[in-house]
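Have a look at the structure below before the remarks.
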There are 2 protein chains.
Amino acid sequence: MTIAINTRDRILEAAKSRFHSRSYADVGIKEICDTALIQKGSFYHFFPSKQDLVLAVIDEFATEWAEGFVAEAFDPSLPPMERISYMIDAAYYWQKSAKEKHGKIPGCLFGNLVLEVSTKDDVLRARLNAVFAQAKSRFEEALNEAMERGDIAPLNSKLTAEAMLAYLEGMILFAKAQNDPEVLYRLGPAIMSLRIE
Amino acid sequence: MTIAINTRDRILEAAKSRFHSRSYADVGIKEICDTALIQKGSFYHFFPSKQDLVLAVIDEFATEWAEGFVAEAFDPSLPPMERISYMIDAAYYWQKSAKEKHGKIPGCLFGNLVLEVSTKDDVLRARLNAVFAQAKSRFEEALNEAMERGDIAPLNSKLTAEAMLAYLEGMILFAKAQNDPEVLYRLGPAIMSLRIE
DNA sequence: TTGACACTTGACCGTCCAGTCAACTATAAT
DNA sequence: ATTATAGTTGACTGGACGGTCAAGTGTCAA
């Protein structure tokens with residue numbers, strides 16, 4: 001009970017970084033236990049299954065991400081369209097520094113999981129969708145505010161927000177394929193040209 | 001030697017559809033053999049390893065795809081920008097019919113594999129990049145022709161082509177996450193607004 | 001007819017997988 | 001002091017994994 005919370009966190013941390021840099025299927029419970037310096041029985045005391053673990057990882061990382069550089073990018077004191085380019089820049093620097101640390105671009109944890117598990121696990125798919133929905137609304141708010149201020153011509157903010165997020169995920173996919181964060185640097189600014197309606 | 005080519009094709013076919021609708025890690029050699037009605041020893045006569053199989057699947061599907069609806073979309077007799085929207089439409093109908101058949105959107109085989117294996121296997125990553133490079137040049141040619149004809153304002157066709165393909169992959173990712181091909185229908189047309197330089 | 005070779009069979013190998021469990025320890029409330 | 005419970009240990013299960021192999025069978029060229 002005393003260091004138990006600590007144990008749970010160590011499991012979560014070990015799982016998060018490994019799921020992100022490799023894949024869900026590729027990372028075993030045993031490996032996570034070894035990293036967290038615990039035994040299997042202890043793991044299953046906290047998480048009834050591997051699926052429960054990855055759900056917790058998704059929640060953890062979504063919060064960390066939303067309260068971290070997403071909050072920083074979508075700072076209300078910034079002009080709305082600048083928030084969006086800040087977001088792209090943040091993604092670029094994040095992937096770049098991850099590559100410097102580990103030699104490989106991990107891509108987006110949520111995007112990786114979506115393509116890996118969507119056809120096999122509806123519970124995971126639903127959770128990942130919820131994360132994307134959150135991100136989408138950030139873009140949408142920024143677009144609405146930009147329209148109100150007359151910074152951009154009128155458009156469908158809901159659809160354009162979705163398009164922008166899709167474009168971001170697509171760029172990250174290409175960056176990962178080429179193992180080159182500069183893809184984001186080259187293609188990033190074009191997000192501003194995207195518009196629907 | 002007589003029905004051997006047939007056997008190889010059956011292996012390839014079984015592997016292709018399974019890798020596409022599930023994932024590389026999730027589909028075992030045994031399952032592929034059962035589907036192709038052969039034994040393991042026979043499989044390893046044609047493919048020295050699972051990696052060799054997936055490389056062959058990538059090549060097969062890339063060819064089938066390039067000579068199939070990509071060739072149809074990028075028909076030189078079509079106005080260049082119409083080729084691009086034809087390509088989006090084709091992706092939409094393809095995912096839609098796949099969902100009707102199997103209940104789930106499989107997404108793009110190449111995109112799926114990129115996110116699954118890029119950090120773990122440079123050989124696969126390189127092959128997938130080659131496939132994307134081919135597709136990119138199709139978009140690029142269309143953009144160049146559109147510029148020559150004065151259909152669109154001058155832009156960097158290489159980068160814009162890459163951006164468009166990234167956007168397509170991003171839309172497919174979202175469609176898979178929501179298991180809804182209509183995402184492509186809603187977001188597809190915005191590909192025309194993408195431009196770099 | 002013989003030999004070479006493409007192809008096929010099915011048993012087998014060692015390893016890893018997610019998950020289980022009975023037993024143990026440490027803590028905190030009564 | 002007793003009891004309940006949270007946390008931990010490490011051995012264990014059954015099955016799946018990628019891959020190997022010796023022993024075949026069928027076909028073709030010489």
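Heavy atoms only: backbone and side chains are in, while hydrogens, waters and symmetry mates are out. Proteins get letters first, then strands, A, B, ... in listed order; numbering begins at 1 in each. Keep in mind that what you see is a predicted model, and the values were worked out from it rather than measured.
Following rounding to the nearest Å, B:Tyr44 (OH) and C:dC12 (P) show an atom-to-atom distance of 19 Å. With rounding to whole Å, A:Phe47 atom CZ is found 14 Å from D:dG7 atom C1'. Note: CG (B:Leu53) to C1' (D:dC17) measures 15 Å, nearest angstrom. A straight line from CZ of A:Arg10 to C1' of D:dT8 spans 12 Å, rounded to a whole angstrom. If you take CZ of B:Arg8 and P of C:dT8, they are 13 Å apart, rounded to a whole angstrom.
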TODO: Mind running side-chain hydrogen bond (donor to acceptor under 3.5 Å, both in side chains) on B:Tyr92 and B:Lys96 for me, showing each step along the way?
DONE: CA-CA 6 Å; B:Tyr92 166 59; B:Lys96 192 172 165 173; 3.2 Å; yes
Could you list, one pair per line, each protein nitrogen or oxygen that sits under 3.5 Å from a nitrogen or oxygen of nucleotides 9-11 of chain C, together with the distance?
residue	atom	partner	partner atom	Å
C:dT9	OP2	B:Gln39	N	3.4
C:dG10	OP2	B:Gln39	NE2	3.3
C:dG10	O6	B:Gly41	N	3.1

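Using a cutoff of 4.0 Å between basic side-chain nitrogens and carboxylate oxygens, A:Arg125 and A:Asp121 are not scored as salt-bridged. In this structure, A:Glu13 pairs ionically with A:Lys16, as a charged nitrogen and a carboxylate oxygen lie closer than 4.0 Å.
For the side-chain hydrogen bond (donor to acceptor under 3.5 Å, both in side chains) condition, the pairs that include at least one residue of residues 165-176 of chain A, sequence neighbours left out, are A:Asn112-A:Lys176.
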Show me the donor-acceptor pairs, under 3.5 Å and distance only, between side chains in residues 80-91 of chain A and residues at least two apart or in other chains.
residue	atom	partner	partner atom	Å
A:Arg83	NE	A:Asp75	O	3.2
A:Arg83	NE	A:Leu78	O	3.0
A:Arg83	NH1	A:Glu145	OE1	3.1
A:Arg83	NH2	A:Pro76	O	3.2
A:Arg83	NH2	A:Leu78	O	2.9
A:Arg83	NH2	A:Glu145	OE1	3.3
A:Arg83	NH2	A:Glu145	OE2	2.9
A:Ser85	OG	A:Met81	O	3.4
A:Ser85	OG	A:Glu82	O	3.3
A:Tyr86	OH	A:Glu72	OE2	2.5

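In this model, the phosphate group of C:dC7 is approached by a side-chain N or O of B:His45 to a distance below 4.0 Å at OP1 or OP2. Between A:Thr7 and the phosphate of D:dT8, there is a side-chain N or O to OP1/OP2 separation shorter than 4.0 Å.
Note that NZ of B:Lys136 and CZ of A:Phe174 are 5.5 Å apart. Values are rounded to the nearest 0.5 Å. Taken from NE2 in A:His45 to CZ in A:Arg8, the straight-line distance is 10.5 Å, to the nearest 0.5 Å.
Across residues 26-36 of chain A, A:Val27, A:Gly28, A:Ile29 each have a non-hydrogen atom less than 4.0 Å from an atom of DNA chain C (numbered order).
The side chain of B:Phe46 has C:dT8 as its nearest neighbour among C:dT20, D:dG7, C:dT8.
Legend: residues meeting side chain to side chain contact (heavy atoms under 4.5 Å, CB included) with A:Asp59, ordered by chain and number and at least two apart, are A:Arg127. With sequence neighbours left out, B:Ser21 forms a side chain to side chain contact (heavy atoms under 4.5 Å, CB included) with no residue at all.
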